[in-house]
Amino acid sequence: MAADRSNENNSISARVGTSYPPGQGEGSPEGRRPLRSLLIRGAIAAPLVLGAAIAFATKSAERMVYDTDGEAITLEAGHPSLAKWRLPDVPMPENNVSTPERVELGKKLFFDPRLSRDGNMSCASCHSPMFGWSDALPTGRGFRSELLGRATPTVVNTAYNPIQMWDGRKATLEEQAMGPMEASSEMNMDLARLFKWLNDTPGYKAAFQRAYPGEAIDHRTLSKAIAAYERTIISNNSPFDRWVAGDHNALNARQVRGFEVFIDPKKGNCSVCHSGANFTDNGFHNLGLPSWGDPNPDMGRFAQKPLPKMKGAFKTPTVREAAATAPYFHDGSAATLEQLVDHYNRGGVVTTNLSPNMKKLDLSAEEKAALVEFMKALSSPQTAVELPTLPN
Amino acid sequence: MNAVFKTFALASFLVMFAAGAHAGETVVSQKNKDFSQKSLKIKVGDSIAFRNDDPFFHNVFSLSDAASFDLGSYAQGQSKSVTFKKAGTVEIECSIHPNMKMVVEVQ
Ligand SMILES: [Cu+2]
């Protein structure tokens, strides 16, 4: 059995040998050895290979790939080279360190429709835990169902990002929180009325007092409480996280292959933008989406930074929980993960001002399927979200 | 033949030397999505060569009053140079990765 296993590993090493950077390919000792032993043993072992492949299909094979950072990554559960995919603890600003009281207050506010003009729309109307903290719509629906120009992004793991919104116009969760209440196209709230009402509602008055003793109920404490709650909306226990931590059974062989495609610059090249443990470079790229060809397209980041390359560029979102947040892209143009992968495989549709990191990929059907399976392994087990009772 | 070769070698050495001695050119590397220097003091007329040492694209731009430029985006190993002609504080960023920032004091 042990001999079969090494043979199986060798055959895989020989295959991925072609993805070494120039100068480290088949000619190197690492590249040649497995190939030679494969040839010698091939004749004897051939009938066994299929059996071995099935036997080890559930176990991740040990193999290496150079990733989009040019680093050698060993595709083995718990391997030290996977360290950059370990999510750290949730960062918090010094002036708003989370406490149970702050989180509890923030949760009430997040789910409270009375924070909107018509009293019928909360943050959770669009960022719903039932749809991966998004809304399952191509682009959002705002005040009295007004059609919004952009898709609702998930709020999962936004706590890790130093920049918010598709065009990066907000930096922190605290900075972002008042926006939807003020926006006439969204919750459209009269803020003077809102703060008067919060101050006149004994339940809220007490909850604010417990969360931020001695501080006024104003846009500062309201934003802080909502941000504290958002910092609990975290995905860090996906099969991928468990595999990175060392659980060999957390990913199947196809998902490991999908991860390999994701990080290999000669395959999916995905991690060139979806980098690190939260799968984002917090950067801006034009992906050549179909809507970029519209007569008056959304200029994206360009509105914030008037530089030519930023025309039609949008912020890289996380890929975590993607399986739960269809449809995809800021224009909602990809209905499924398969369609999304096809977009990348084509290298974009409307290619004016396309990001130089986008290119035609020529992935095989199996590689595309593996990519999708890998992305599905980025969802943490669903936990029930208990709705808060709202103060009066 | 040998003499020609020697002369050529000497000449190219001088050219390289001259380039190296050119009124203060500093090389700033873009590596691991960061500028290798966060702040830098230079003199009016000095230049900075921005070299991309990451295996993906970066950009270099500034919209500061003392210097406004956009070097576009370029790949690993490429380098583009800017000469600073005015005194003042220049904030330099990468438009692709807004976390990449540095400040140049031109004196
Ligand atoms: Cu950059």
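Lettering follows sequence order; numbering is per chain, from 1. Remember, predicted model here, so these are calculated numbers, not experimental data.
For A:G70 against B:P55, the heavy-atom pair with the smallest separation is N-CG, 4.0 Å.
More than 12 heavy atoms of other residues, nucleotides or ligands shown are found within 6.0 angstrom of CG on A:N95. When the shell of 6.0 Å around NZ of A:K359 is examined, it contains more than 12 heavy atoms from other residues, nucleotides or ligands. For B:K85, the NZ atom sits in a loose shell: 12 or fewer heavy atoms of surrounding residues, nucleotides or ligands are nearer than 6.0 Å. The environment of NZ in B:K41 is sparse: at most 12 heavy-atom neighbours from other residues, nucleotides or ligands sit within 6.0 Å. Under a cut-off of 6.0 angstrom, the local environment of CD in B:Q78 is crowded, with over 12 non-hydrogen atoms contributed by other residues, nucleotides or ligands.
Of the atoms belonging to B:F56, heavy atoms from both backbone and side chain fall under 4.5 Å from chain A. Interface remark: B:D54 contributes no atoms to any contact with chain A (heavy atom separation under 4.5 Å). With a 4.5 angstrom heavy-atom cutoff, B:E93 touches chain A only via side-chain atoms.
When the heavy atoms of residues 156-169 of chain A are compared with those of chain B, the residues falling under 4.5 Å are A:P162, A:I163, listed by number. Listed by sequence position, B:S95, B:I96, B:H97, B:P98, B:N99 are the residues of residues 95-107 of chain B in contact with chain A, using a 4.5 angstrom heavy-atom cutoff. Contacts with chain B (heavy atom to heavy atom, under 4.5 Å) involve these residues of residues 297-314 of chain A, listed by number: A:R301, A:K305, A:P306, A:L307, A:P308, A:K309, A:M310.
By the side chain to side chain donor-acceptor pair (under 3.5 Å) test, A:E175 pairs with no residue at all, sequence neighbours left out.
The candidate from A:T316, A:D69, A:V272 with the greatest count of non-hydrogen atom pairs under 4.5 Å with chain B is A:D69.
Here the CZ atom belonging to B:F57 is positioned 8.0 Å from the OG atom belonging to A:S355, to the nearest 0.5 angstrom.
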